[in-house]
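Letters A, B, ... mirror the listed sequences (proteins, then strands); counts begin at 1.
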Amino acid sequence: MKIASLPVPAPLIEYCEEKGITDLYPPQAACVDEGIFSGKSLLVAIPTASGKTLVAELAMHAQVANGGKCLYIVPLRALAGEKFREFSGKGVKVGISTGDLDRRDEFLGANDIIIATSEKVDSLLRNKTPWLRQVTLLVVDEVHLIASPDRGPTLEMVITKLRYRIPNLQVIALSATIGNPKKLADWLGAGLVTSEWRPVDLRQGVFYRGKIHFHQGEREVAEPSKTEDLNLCIDTIEEGGQCLVFVNSRRNAEGFAKRAAAAFKKRVKSPVLEEYAARILESATTDQEKVLAACIATGSAFHHAGLRREFRELIEEGFLKGEIRCISSTPTLAAGLNLPARRVIIRDLLRFSGAEGMAPIPVGEYHQMAGRAGRPHLDPYGEAVMIAKNEQSIEELFERYIDAPAEPVVSQCTRSGALCSHLLSLIATGFATDRKGLSKFLVQTFYGFTHASTKALDTIVNQSLKFLTETEMITEIGDLLQATEYGALVSRLYIDPLSAEAISGAMLEADGYSDRALLQVVCSTSDMPALYLKSKDLQYLEKFLYEHGDDLWQQVPWEDREQFYRSVKTAMLLSDYTDEVPEAIICERYDVGPGDLYAAVTNVTWLIHAAARLAAMFREDLAPAVRELEICTSQGIRRELLPLVRLKGIGRVRARRLFNNGITDPATLQEAGFDRITSILGSGVAKSLFSQFDEKETKERKDDLQGSSELVKKAQTSLFGFGGCDE
DNA sequence: AGTCTTAGTATGTAGACAGCATGTC
DNA sequence: CTACATACTAAGACT
């Protein structure tokens with residue numbers, strides 16, 4: 001099917017033709033036949049890299065041409081960015097909205113295509129964002145993530161909410177191959193396109209004793225090194241390809257990269273790689289990062305969430321450009337960006353999962369990783385290889401993974417805790433005003449669609465409503481369910497009601513305040529992933545609790561202390577960060593990577609913000625201190641620097657430099673004079689600082705004049721600020 | 001004596017969404 | 001409740 005013949009606006013067609021794309025791939029043509037251009041919903045369950053995105057893009061452009069608006073839901077922020085770049089510059093207005101990124105936010109609704117994560121869309125719904133009603137096409141990327149235990153329910157709820165609100169909404173759901181595509185399509189009222197077709201031939205095989213066994217035959221692999229995984233990797237490099245190795249732990253990822261680096265030393269030399277290594281070394285703070293630099297210099301790299309984003313992106317870029325030959329990675333790369341390689345080695349098929357010990361990875365995940373093999377237009381074929389430990393397991397691996405269908409997608413709505421937050425949001429946002437309304441909504445979910453009896457769900461609904469009523473987040477008067485001001489706030493803050501209750505409960509009971517106490521409570525909630533405990537941690541944790549245990553708001557439990565210790569450890573790390581302990585020392589002390597540190601800081605900042613809002617509601621006296629902590633945490637500064645960072649252009653580093661030079665607040669800064677500041681921070685920064693003071697003075701004069709109208713406004717908001725459920 | 005090898009044992013384990021209001025080095 | 005690879009340790013074997 002020719003792209004030029006499709007009913008889409010010219011810019012997209014021209015763009016495709018420039019790229020040399022003139023015909024649709026067979027699965028894409030099937031989507032056209034199924035009616036994507038006539039507004040029909042569709043579930044597209046086809047392999048990775050077989051052109052799902054273009055299907056969505058065609059449908060979106062057609063919608064926009066008819067005056068429609070499109071919402072594109074992705075699972076990861078990094079993916080949102082990737083799609084944003086991909087969709088931009090083709091004659092439609094594209095906007096992006098994720099937690100850490102809000103480009104063009106004021107006019108977000110003015111865009112034709114808006115890309116957002118599922119949680120962000122849920123948050124937009126909870127805040128009654130008006131333009132959501134104008135959406136005519138919903139694209140859900142990776143819709144099989146409905147089966148994800150922690151984030152699946154949100155995705156399921158968001159889809160259900162949007163379809164509930166918008167009649168005739170066209171839904172295009174994109175998915176990897178799954179076990180029950182028909183079921184999912186039926187739920188969405190969608191047509192179904194499935195296919196095994198791929199643009200590059202994919203050979204899946206099992207390596208054993210120097211040979212890869214494929215369905216189509218065998219392939220010999222040379223054995224220049226002692227280890228099989230490395231031999232497989234070198235084999236592809238020698239052939240001119242790149243290699244992606246999936247392993248089950250960070251340590252393994254680093255270990256493999258080191259071994260590969262030693263083997264590559266004689267083979268790969270490149271000035272570009274040297275430059276990458278130098279760039280990393282320049283800002284490296286930990287040993288781990290120095291190792292990474294050494295590896296990259298030879299063309300190998302490791303990739304996991306302990307690395308800072310900057311380095312991860314550098315590795316991805318280096319691999320895409322073909323400079324880096326081999327990446328050993330934890331599942332970070334499996335679900336993330338589009339990084340194909342000629343050979344993918346799925347080395348570890350077991351992964352540690354808390355309750356289950358070492359458990360085999362799901363078939364769906366294997367397929368996702370295997371699908372990474374083969375770069376379209378660049379590789380003659382792609383190879384996905386597992387490694388067998390004995391003759392017998394060759395057969396087993398074929399059966400268990402290569403020839404096995406992926407798991408069916410199953411709703412996770414009944415998982416403990418998942419529903420409570422969503423029920424609150426349904427009530428607070430007016431999707432349901434009584435129990436009947438809730439049931440009516442819940443039968444529309446995928447859970448409701450796949451379960452004839454809602455008994456299991458009803459039990460959880462009753463429990464959750466009981467909790468929400470007892471904690472006064474909702475009231476039930478007669479039949480009427482309504483969110484209280486507290487409940488509405490919790491819903492909008494997007495925290496788990498359990499976390500909200502833990503935080504406000506602790507604050508209500510507290511006699512004093514300390515940052516540590518608040519941090520520990522916040523770190524004990526499910527919204528804050530706590531650090532793992534290691535044996536060496538026990539010593540200093542016990543010492544800390546002996547000295548400061550009484551200052552905490554939560555009591556040290558008598559038994560089952562692990563959870564508590566973990567929250568204390570996490571709080572101590574964050575406390576060190578606001579105490580301006582250098583990154584390298586924190587990383588070493590708590591055995592985390594810079595990426596983990598960054599993640600913990602952004603996460604806790606969000607929760608402290610929520611805590612500050614809750615404090616304003618329940619403990620006004622604590623609110624100023626909590627708000628201060630919010631700034632301290634986000635900036636990584638001690639309280640003494642607070643007056644300085646209020647100034648534009650002053651962050652943690654400059655503030656510290658000023659402070660150490662005896663300049664402790666804006667007033668002394670102004671007194672010190674331009675020349676003195678120039679000598680500390682340079683003339684550029686000094687100039688912008690002093691121009692701020694001039695602006696401020698003129699603004700203050702204006703504010704004095706407007707003071708009276710400001711007051712009126714405040715009175716109005718408090719007069720009408722009790723719920724505001726109308727839209 | 002110093003180095004390598006081996007067997008036994010202790011240890012630790014993937015990832016990442018959300019608020020809010022704008023500007024770090 | 002489930003496992004495994006790796007790092008470390010101590011003791012033995014070799015140059």
Side-chain angles (χ1 to χ4, degrees), chain A residues 73-80 97-100 102 105-106 116-124 126-127 145 148-155 158 246-256 283 303-306 309 329-336 347-361 365 389 421 425 489-496 499 527-529 532-537 591 595-596 598-600 602-603 605-613 627 630-631 634-637 645 647-657 681-682 684-685 688 692:
Chain A
I73 297 184
V74 291
L76 299 171
R77 296 197 286 227
L79 238 36
S97 179
T98 63
D100 65 345
D102 250 347
D105 188 40
E106 305 159 54
T117 52
S118 33
E119 284 77 10
K120 185 65 184 190
V121 176
D122 197 17
S123 164
L124 292 169
R126 291 176 185 212
N127 287 292
L145 289 176
S148 146
D150 48 343
R151 297 177 59 201
T154 306
L155 181 57
V158 164
F246 286 108
V247 298
N248 66 4
S249 73
R250 294 176 177 191
R251 200 167 58 186
N252 286 343
E254 289 171 28
F256 185 89
S283 48
H303 191 285
H304 58 66
R309 190 157 303 248
S329 161
T330 58
T332 18
L333 273 188
R347 199 195 70 175
D348 299 341
L349 294 161
L350 295 171
R351 184 181 310 139
F352 185 84
S353 64
E356 295 167 25
M358 291 303 265
I361 60 170
E365 200 176 324
K389 294 199 171 51
S421 161
S425 96
L489 178 65
V490 171
S491 170
R492 272 182 286 124
L493 287 173
Y494 211 82
I495 58 175
D496 188 328
S499 310
D527 282 318
M528 183 73 205
Y532 286 111
L533 237 41
K534 296 185 184 177
S535 50
K536 66 166 187 179
D537 296 331
D591 197 15
D596 301 307
Y598 177 83
T602 51
N603 207 313
T605 310
W606 161 55
L607 284 170
I608 293 172
H609 170 81
R613 300 290 298 274
R627 275 194 291 265
E630 185 187 348
I631 302 171
S634 64
Q635 303 257 357
I637 54 166
V645 294
L647 294 164
K648 271 186 206 166
I650 301 294
R652 59 183 297 192
V653 175
R654 285 172 182 166
R656 177 49 61 194
R657 212 183 291 170
L681 296 177
V685 181
S688 84
Q692 266 178 64

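- A:A599 comes within contact range of no nucleotide atom at all, as no heavy-atom separation falls under 4.0 Å.
- A side-chain donor-acceptor contact under 3.5 Å links A:S499 and A:D527.
- Spacing between C:dC1 and B:dG19 at atom P, rounded to whole Å, works out to 37 Å.
- Both A:A305 and A:S118 lie near DNA chain B, and the one whose nearest nucleotide falls closer to the 5' end is A:A305.
- Listed nucleotides: B:dC25, B:dG15, C:dA3. Nearest to the side chain of A:T330: B:dG15.
- Put simply, A:K648 has a side-chain N or O that comes within less than 4.0 Å of OP1 or OP2 on B:dG23.
- You'll find that the side chain of A:R251 is closest to C:dA5, out of B:dT13, B:dG15, C:dA5.
- One cannot find a donor-acceptor pair under 3.5 Å joining the base of B:dG19 and the side-chain atoms of A:E119.
- Nearest-nucleotide positions on DNA chain B for A:V653 and A:L533 put A:L533 closer to the 5' end.
- Nearest to the side chain of A:P331, among B:dG15, B:dC20, B:dG12, sits B:dG15.
- When the side-chain nitrogen and oxygen atoms of A:R351 are compared with OP1 and OP2 of B:dG15, none of them lie within a distance under 4.0 Å.
- Considering only the side chain of A:K120, B:dG19 comes nearest among B:dT13, B:dG19, B:dA16.
- With B:dG15, B:dA18, B:dC20 as the choices, the nucleotide that has an atom nearest any side-chain atom of A:H609 turns out to be B:dC20.
- Of all non-hydrogen atoms in A:N248 and A:M358, the two that sit nearest each other are ND2-CE, 3.5 Å.
- Counting any heavy atom pair closer than 4.0 Å across all strands shown, A:E630 reaches a base atom.
- Among the heavy atoms of the strands lying under 4.0 Å from A:I650 are primed sugar atoms or P, OP1, OP2 only; no base atom is included.
- Listed candidates were B:dA14, C:dA5, B:dA16. Nearest to the side chain of A:K389 is C:dA5.
- When every heavy atom of A:D348 is checked against every heavy atom of A:I361, the shortest pair comes out as O-CD1, 4.4 Å.
- Across all strands, A:G649 comes closer than 4.0 Å only to sugar-phosphate atoms, never to a base (heavy-atom distances).
- Phosphate contact (OP1/OP2 of B:dT13, side-chain N/O of A:R250, threshold under 4.0 Å): absent.
- Residue A:L155 is out of contact with every strand shown, counting any heavy-atom pair closer than 4.0 Å.
- Using a 4.5 Å heavy-atom threshold, the side chains of A:R656 and A:I637 count as separate.
- In this entry C:dC1 has no Watson-Crick or G-U wobble partner, no candidate having both defining distances under 3.5 Å.
- When heavy atoms are screened at a 4.0 angstrom cut-off, A:I495 is found touching no nucleic acid atom at all.
- At a threshold of 4.0 angstrom between heavy atoms, the contacts of A:N603 include nucleobase atoms, whether or not backbone atoms are also involved.
- Using N1 to N3 plus N6-O4 or O6-N4 for Watson-Crick, or N1-O2 and O6-N3 for G-U wobble, each under 3.5 Å, B:dT6 pairs with C:dA10.
- Taking each heavy atom of A:R492 and A:R126 in turn, the nearest pair found is CG-O, 3.9 Å.
- Counting any heavy atom pair closer than 4.0 Å across all strands shown, A:D348 reaches no nucleic acid atom.
- The partner of B:dC17, taking Watson-Crick or G-U wobble pairs whose two distances both stay under 3.5 Å, does not exist in any strand shown.
- Taking a centre distance below 5.5 Å and an interplanar angle below 30 degrees as the stacking criterion, A:W606 stacks against the six-membered base ring of B:dA18.
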